[in-house]
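Starting from 1, each residue takes its place in the sequence as its number. Order of appearance sets the numbers: ligands from 1, and atoms from 1 within every ligand.
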Amino acid sequence: MKVFEENNGNIFKILSEAISEGIVIVNEHQEIVTSNDAADKMFGYKTEELLGENLSILIPREYRNTHPQQVDKFLEKSDPRQMGHGRDLYGQRKDGSVFPVEAGLNPFKISGSQFVMALVTDISVRKNQELEIIELNSHLEQKIEERTKELNENIKILKDEVTKRKQAENKMKESLRKERELNDLKTKFLSLVSHEFKTPLSGILTSATLAGKYTETEQQDKREKHLKTIQSKVKYLNNILNDFLSIERLESGKTNYKFDVVPLSKVVNEVIYNSNMLLKDGQKINYPSNIDDISINFDEKILELSLTNLINNAIKYSPEYTIIDVIVTPRKDAVEIKIEDQGMGIPKNEQKFIFNRYFRAANALLDQGTGIGLNIVKSHLENLGGTIKFESVEGKGSTFTISFPTKNNLEYNENNTSY
Ligand code: ADP
């Protein structure tokens, strides 16, 4: 220690006081041989108070054990280096308080004695700043996390809102579409009525006028002929009106199907009876022979509408002196009815359009018609689990086949055994 002070004290003092880092020099026994002002202040000692003390006085208790070995190892290698190697280093003040430091060790020899100069920097401020930055960062991360969560929630709310609006928009579009179709239908109806009703109405007027002219008792058969014409034309007009009402109900979703257990013969009889009024000269409908025992559980009105349309078409699109066959085939839980005519048939290239609403084949245009009958029959039957198909050869005839389930509502069936 003496050697160091005597030979180097002055130079050391001059140099060390100019440096802002703390300088502590220890001998090979790790006794402090000198320290500069910055080091004394840093560790809270008065000038020269540290002289002769062991270096461990400046090291917190928990680090003291490992420290001497570190210094020994360091002296073995004896080259200048930074202490710590990534670990945090701490110094201890006189009052026992601990603070973070950075220390660089510089070994040197004077007169054969080994010394180590430690350059110590108080890095409390830097550490605090680091801590603050870490804390700020974690705050920031937390904030970002919160904001992201909020954003995600808002996005979800927005998405829900968009979905709801889309649904509302679709609903509106759908009801607009329906309204437009109903309006179209009304327009079509008005134009059809003006065309389709004109001829039968003037026919009715003519027949009524003529019937009025036959005043003699023996002219009863002539009166009857005109009354029959009137009846058939009224029936025809009534059928058109029924078809239109049916479409209107189908379109506006107001169709209410009603299942009843009825004998099939009741419906077939009624339809054929009414259709007979429309028969042309020499036309004949062959009544099905085997239907007396068949009971169905089906919507009677729909079956009536379907058969009426098919049989009236067979009459309308067939010439005089032809036969129309009505053939019933009971199937398992279903009934199949064929209407076979020997009429004009449907041109092959138009067959695929035949169930389209308002479609009428080219060869049918001279006959009166609206093109809606087959379309509504198909819609109703399919709604009720039934089917309709046809085969037709132009110039030879057509066969329309409908099939419908007969056990639609079993509960109802059991409770209504009166049939
Ligand atoms: P409409 O008979 O009032 O024109 P439908 O929907 O009943 O309307 O029939 C559509 C079209 O299908 C008819 O215009 C006609 O061209 C064709 N059609 C339907 N039934 C027959 C049939 N039995 N024979 C020939 N053509 C038919």
Going by an N to O cut-off under 4.0 Å, is there a salt bridge joining [X] and [Y]?
X: E153; Y: K156; value: no
X: K258; Y: E300; value: no
X: E336; Y: R331; value: yes

How far is [atom] from its nearest protein heavy atom, and which residue and atom is that?
atom: atom 17 (C) of ligand 1; value: I354 CD1, 3.8 Å
atom: atom 4 (O) of ligand 1; value: R360 NE, 2.5 Å
atom: atom 16 (O) of ligand 1; value: A361 N, 2.9 Å
atom: atom 5 (P) of ligand 1; value: L374 N, 3.7 Å

Where ligand 1 meets [X] - atom numbers and elements under 4.0 angstrom, heavy-atom basis:
X: A364; result: 14 (O), 15 (C), 16 (O)
X: I346; result: 25 (C), 26 (N), 27 (C)
X: G371; result: 1 (P), 3 (O), 4 (O), 6 (O), 8 (O)
X: S398; result: 22 (C), 24 (N), 25 (C)
X: T370; result: 1 (P), 3 (O), 4 (O)
X: K316; result: 1 (P), 2 (O), 3 (O)
X: I372; result: 6 (O), 8 (O)
X: F359; result: 10 (C), 11 (C)

K396, NZ atom: more than 12 neighbouring heavy atoms under 6.0 Å = no

ask   = Would you say K316 has more than 12 foreign heavy atoms packed within less than 6.0 Å of its NZ?
value = yes

ask   = E350: heavy atom below 4.0 Å from ligand 1, yes or no?
value = no

query = So is F400 close enough to ligand 1, meaning a heavy atom under 4.0 angstrom away?
reply = yes

Counting only nitrogen or oxygen atoms and a 3.5 angstrom limit, does [X] reach ligand 1?
X: N313; result: yes
X: M344; result: no
X: D341; result: yes
X: G373; result: yes

inquiry  = Between F43 and F99, is the ring centroid distance below 6.0 Å?
reply    = yes

ask   = Among F390, Y317, F353, which one has a heavy atom closest to atom 14 (O) of ligand 1?
value = Y317

request  = Going by heavy-atom distance to atom 25 (C) of ligand 1, choose the closest among A362, G369, G343, G345.
outcome  = G345

First locate atom [atom1] of [X], then atom [atom2] of [Y], and finally report the distance between them rounded to the nearest 0.5 Å.
X: I376; Y: S246; atom1: CD1; atom2: OG; answer: 4.0 Å
X: L366; Y: Y317; atom1: CG; atom2: OH; answer: 10.5 Å
X: M42; Y: D37; atom1: CE; atom2: CG; answer: 11.5 Å
X: M117; Y: I25; atom1: CE; atom2: CD1; answer: 6.0 Å

message = Which residue is it: N276, N274, N269? I am looking for the one with a side chain to side chain contact (heavy atoms under 4.5 Å, CB included) to I272.
response = N276

task = Would you please classify the geometry between the F355 ring and the F400 ring as parallel, tilted or perpendicular, with 30° and 60° separating the classes?
result = perpendicular

